[in-house]
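Read the structure below first, then the notes.
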There are 2 protein chains.
Amino acid sequence: MPIKVKDLKKKLHERQYKLTPQREIILQIFINNADKHLSAEDVYSLVKRESPDIGMATVYRTIDLLNELEVLQKMDFGDGCSRYEISGDSTAHHHHHLICLNCGLVREFDDDLLETLENVISRKSNFQILDHQVKFYGYCQECQNKLSR
Amino acid sequence: MPIKVKDLKKKLHERQYKLTPQREIILQIFINNADKHLSAEDVYSLVKRESPDIGMATVYRTIDLLNELEVLQKMDFGDGCSRYEISGDSTAHHHHHLICLNCGLVREFDDDLLETLENVISRKSNFQILDHQVKFYGYCQECQNKLSR
DNA sequence: CTGCTTGCAAACCATTTGCAAGGTC
DNA sequence: GACCTTGCAAATGGTTTGCAAGCAG
């Protein structure tokens, strides 16, 4: 259940921010690519198609803003740049990724075991856990086949 | 059971690399700070005390080398630079961190539940999982107290 | 109109690289 | 002596910032 332009407008208003065409386009791009992990560069080249005059700085500033408004989730796959995807429902966590060490494929997964784990660790460590980020590194099915030949 | 200088010499030899004073000092620094998460900058300023002539590039190159030799573990806490700590026993995973969103404290923890989780996910997803990195974000005990006042 | 936003260019900062001099084996 | 290493300085590449012009409310 991702955010809509209307919701963004409201969120912006609450903090005396304005809804500009640039912000709207960038939000739309994240909505249209909800399954991807876009970098600032990715967003820039996508926006450029509709708004050739946009500046890279605006892309960065807008992404930062959307990140602060919790519209986006920041993530890092160790490829030298931050990547973002649109947040889904605020009740769930979304940071579980399987990363293939051979082809770089990033696949998502959900698993309730993580919630259990979080509770156990929270109790053991006296840490009040709000969020987590989990990455598994290995080989995807396809690369397993390739590499075993 | 961390690595010793002797072990490093052997590892280097196997790949026709040489044991230089700089490499030895940097290894020693990681051994002496096994409980910390040092950045290249951190290492640089520590080395500088004993070897004022060392160059930043050497620090980076040595860290990369030690990382390739699996003497160091690379990690990222989203603070703009890579951090490293010396690897312990090669039979275990070591990437579990609790990060305090208020004071930035990074605390480590171990938990066997992660191994279970890894197996379950591996089966479910057809991914051959070799390693994982898990970060929990929240508030440490101390900050919980501070913030609730 | 007010003041948040934008595009541009320059600045930043962690990290990398080219190269000639230096050191290890 | 061969060749890996080093220190230096310059280059790189993602990201940020200063600023005057531009727009949303």
Side-chain angles (χ1 to χ4, degrees), chain A residues 5-6 8-29 37-69 71-72 74-84, chain B residues 5-6 8-29 37-69 71-72 74-84:
Chain A
V5 175
K6 212 167 185 177
L8 176 61
K9 190 166 188 176
K10 199 175 137 212
K11 281 204 178 202
L12 290 170
H13 252 114
E14 284 168 7
R15 317 197 184 191
Q16 8 291 143
Y17 293 144
K18 296 170 182 173
L19 180 60
T20 63
Q22 291 91 330
R23 288 177 178 171
E24 201 169 329
I25 291 174
I26 291 176
L27 173 65
Q28 197 56 53
I29 280 177
H37 311 102
L38 302 176
S39 66
E41 201 72 44
D42 293 338
V43 175
Y44 182 58
S45 53
L46 288 169
V47 184
K48 204 103 199 186
R49 293 186 199 162
E50 309 181 40
S51 292
D53 286 344
I54 198 164
M56 191 79 228
T58 301
V59 173
Y60 274 105
R61 285 187 282 231
T62 303
I63 288 178
D64 280 355
L65 181 62
L66 294 176
N67 190 217
E68 268 159 41
L69 297 176
V71 171
L72 296 181
K74 185 177 187 169
M75 46 197 63
D76 170 71
F77 298 131
D79 65 344
C81 62
S82 294
R83 295 182 169 275
Y84 304 83
Chain B
V5 175
K6 211 167 185 176
L8 176 61
K9 190 167 187 175
K10 199 176 139 214
K11 280 204 178 203
L12 290 171
H13 253 113
E14 284 168 6
R15 317 198 184 191
Q16 8 291 143
Y17 293 143
K18 295 169 184 173
L19 180 61
T20 63
Q22 291 92 330
R23 288 176 179 172
E24 201 170 329
I25 292 173
I26 291 176
L27 173 64
Q28 197 56 52
I29 281 178
H37 310 100
L38 302 175
S39 66
E41 202 73 43
D42 293 337
V43 175
Y44 181 59
S45 53
L46 288 169
V47 183
K48 203 104 199 183
R49 294 185 198 163
E50 310 181 39
S51 293
D53 286 344
I54 198 164
M56 190 78 226
T58 300
V59 173
Y60 274 104
R61 283 187 283 230
T62 303
I63 288 177
D64 280 357
L65 180 62
L66 293 177
N67 190 46
E68 268 159 40
L69 296 176
V71 171
L72 296 181
K74 185 176 188 170
M75 45 198 64
D76 169 72
F77 298 131
D79 65 343
C81 62
S82 294
R83 296 183 169 275
Y84 303 81

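Atom set for the values below is all heavy atoms of this structure, side chains included, hydrogens, waters and symmetry mates excluded. In what follows, chains are A, B, ... by sequence order, proteins preceding strands, each numbered from 1.
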Give Asp64(B) one of three labels, base, sugar-phosphate or nothing, depending on what nucleic acid heavy atoms sit under 4.0 Å from its own. sugar-phosphate
Just the table, please: protein N/O against nucleotides 4-6 of chain C N/O, every pair under 3.5 Å.
| unit_1 | atom_1 | unit_2 | atom_2 | d |
| --- | --- | --- | --- | --- |
| dT5(C) | OP1 | Lys18(A) | N | 2.9 |
| dT5(C) | OP1 | Arg23(A) | NH1 | 2.6 |
| dT5(C) | OP1 | Arg23(A) | NH2 | 3.4 |
| dT5(C) | O5' | Arg23(A) | NH1 | 3.1 |
| dT5(C) | O5' | Arg23(A) | NH2 | 3.0 |
| dT6(C) | OP1 | Thr20(A) | OG1 | 2.9 |
| dT6(C) | O3' | Gln22(A) | NE2 | 3.0 |

Taking the side chain from [X] and the backbone from [Y], do they hold a donor-acceptor pair closer than 3.5 Å?
X	Y	result
Asn67(A)	Leu72(A)	yes
Ser51(A)	Ile54(A)	no
Arg23(B)	Thr62(B)	no
Ser39(B)	Asp42(B)	yes
Lys11(B)	Leu69(B)	yes

Length of the [atom1]-[atom2] vector between [X] and [N], whole Å:
X	N	atom1	atom2	answer
Ile26(B)	dG7(D)	CD1	C1'	13 Å
Met56(A)	dG14(D)	CE	P	9 Å
Ile63(B)	dT5(D)	CD1	C1'	16 Å
Tyr84(B)	dT15(C)	OH	P	6 Å
Glu24(A)	dG25(D)	CD	P	10 Å
Glu68(B)	dT5(D)	CD	C1'	15 Å
Lys10(B)	dC25(C)	NZ	P	17 Å
Asn67(A)	dT16(D)	CG	P	11 Å

Under 3.5 Å, which protein N or O atoms sit close to an N or O of nucleotides 10-14 of chain C? Give each pair with its distance.
none

The reported gap from CG in Leu38(B) to CE in Met75(B) (rounded to nearest 0.5 angstrom) is 10.5 Å
Do you know the tightest heavy-atom contact between Ile26(A) and Val59(A)? CD1-CA, 4.0 Å
What one should report as the nearest heavy-atom pair of Tyr44(A) and Gly55(A) is CE1-C, 3.8 Å
Aromatic ring centroids of Phe77(B) and His37(B) under 6.0 Å? yes
